[in-house]
Amino acid sequence: FFQRLSLRSVSGFRKLWPEASRVLPERERNALCGLSKVGWPLELGMARSVFGEGVDELLRRGIIMQLGDSVMGHSLVAQCDDSRMPIDHYGQGRLAEHLRKVAADGNEPAAVVRAGQILADLGRAEDAVEVLATQWENIRDLGFLEPYLKTLASLPREGRSAEHTSELQ
């Protein structure tokens, strides 16, 4: 579906998305938008538990990418869709914890930054600071400092506790 996009087809997709997104059933649209906004491959079981059964239908249709045991939505969908990530509070926590674990286990600093960004975007500043503060050692050396600092800067000031602020200094 998204594998052979030219500049012209990207522009066309952006124009068609508002209308095309209405054609998808709501659970599939929510799963597609959510997976795309995560911006990181999720294990199929995790994707199903966070975004629901729409993931299976999107896979069957070839609308999302399967990378081994993981699935991922295309970033173009995330760019074209301005809705918030369609998951509940429990799903938010599971998703952020999963990305934090991926980052720690696989030495993936980008996953730490993404977990912090997702939590910040969902209004969970305290949790975002917690994830970023506990994974500082994995991020500081590898060129991820700029996105890390941008994520911290995007958090509301009142969401930063004195405890977390001292951990980051």
Side-chain angles (χ1 to χ4, degrees), residues 1-3 27-81 83-156 159-161 163-165 167-168:
F1 184 71
F2 286 109
Q3 298 210 356
R27 71 181 192 174
E28 291 174 34
R29 183 177 54 247
N30 287 343
L32 176 59
C33 292
L35 284 168
S36 299
K37 289 177 188 224
V38 168
W40 194 265
L42 292 178
E43 294 169 8
L44 185 55
M46 174 59 67
R48 284 180 182 135
S49 74
V50 173
F51 297 109
E53 296 174 8
V55 172
D56 293 319
E57 187 58 26
L58 293 171
L59 253 179
R60 189 184 67 72
R61 291 183 184 185
I63 296 175
I64 57 176
M65 296 175 272
Q66 186 162 13
L67 311 162
D69 294 336
S70 300
V71 293
M72 184 174 182
H74 199 281
S75 62
L76 189 55
V77 173
Q79 292 171 24
C80 294
D81 185 80
S83 64
R84 293 181 63 82
M85 193 176 295
I87 55 176
D88 60 17
H89 188 75
Y90 176 72
Q92 295 167 11
R94 284 181 47 96
L95 180 58
E97 179 58 27
H98 175 74
L99 289 174
R100 188 204 59 74
K101 188 174 183 302
V102 165
D105 294 349
N107 196 21
E108 292 284 358
V112 172
V113 172
R114 192 63 194 121
Q117 289 169 339
I118 288 169
L119 287 166
D121 290 348
L122 294 168
R124 295 179 57 186
E126 198 66 30
D127 293 335
V129 171
E130 175 70 27
V131 166
L132 294 168
T134 58
Q135 294 296 316
W136 167 244
E137 292 297 321
N138 292 336
I139 291 176
R140 67 182 184 157
D141 298 331
L142 298 173
F144 293 93
L145 185 58
E146 183 178 350
Y148 178 86
L149 292 174
K150 284 181 179 180
T151 301
L152 277 177
S154 73
L155 298 172
R160 300 177 195 166
S161 70
E163 173 190 334
H164 290 123
T165 304
E167 286 179 22
L168 294 173

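Here the structure is a predicted model, which is why all the values come from computation and not from measurement.
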Go through the structure and list residues passing salt bridge (Lys or Arg N to Asp or Glu O under 4.0 Å) with Arg94, not counting sequence neighbours.
-> none
Closest heavy-atom pair and its distance - Val102, Ala111 = CG1-CB, 4.2 Å
Nearest heavy-atom neighbours spanning Gly116 and Ala128 = O-CB, 3.5 Å
Reported CD1-to-OG1 distance for the pair Ile118 and Thr151, which is rounded to 0.5 angstrom | 10.5 Å
All side chain to side chain donor-acceptor pair (under 3.5 Å) counterparts of Gln66, not counting sequence neighbours = none
Closest non-hydrogen contact found for Asn30 with Phe51 is O-CD2, 4.3 Å
Do you know the tightest heavy-atom contact between Ala31 and Gly54?
-> CB-C, 4.0 Å
Mind checking what makes side chain to side chain donor-acceptor pair (under 3.5 Å) contact with Asp127, not counting sequence neighbours?
-> Arg124
Output all residues satisfying salt bridge (Lys or Arg N to Asp or Glu O under 4.0 Å) with Glu28, sequence neighbours left out; order by chain, then residue number.
-> Arg61
To the nearest 0.5 Å, how far apart are CE in Met72 and CD1 in Ile64?
-> 11.0 Å
Which side-chain hydrogen bond (donor to acceptor under 3.5 Å, both in side chains) pairs, counting each pair once, include a residue from residues 33-48, with sequence neighbours left out?
-> Lys37-Asp81, Arg48-Asp56
Interatomic distance, CG@Leu32 vs NE2@His74, rounded to 0.5 Å, equals 11.0 Å
Less than 4.5 Å apart, any side-chain heavy atom of Leu95 and any of Leu42?
-> yes
Taking side chain to side chain contact (heavy atoms under 4.5 Å, CB included) as the test, write out the residues that go with Ala115, two or more places apart.
-> Leu99, Val131
Rounding to 0.5 Å, atoms CZ (Arg29) and CG (Leu58) come to a distance of 11.5 Å
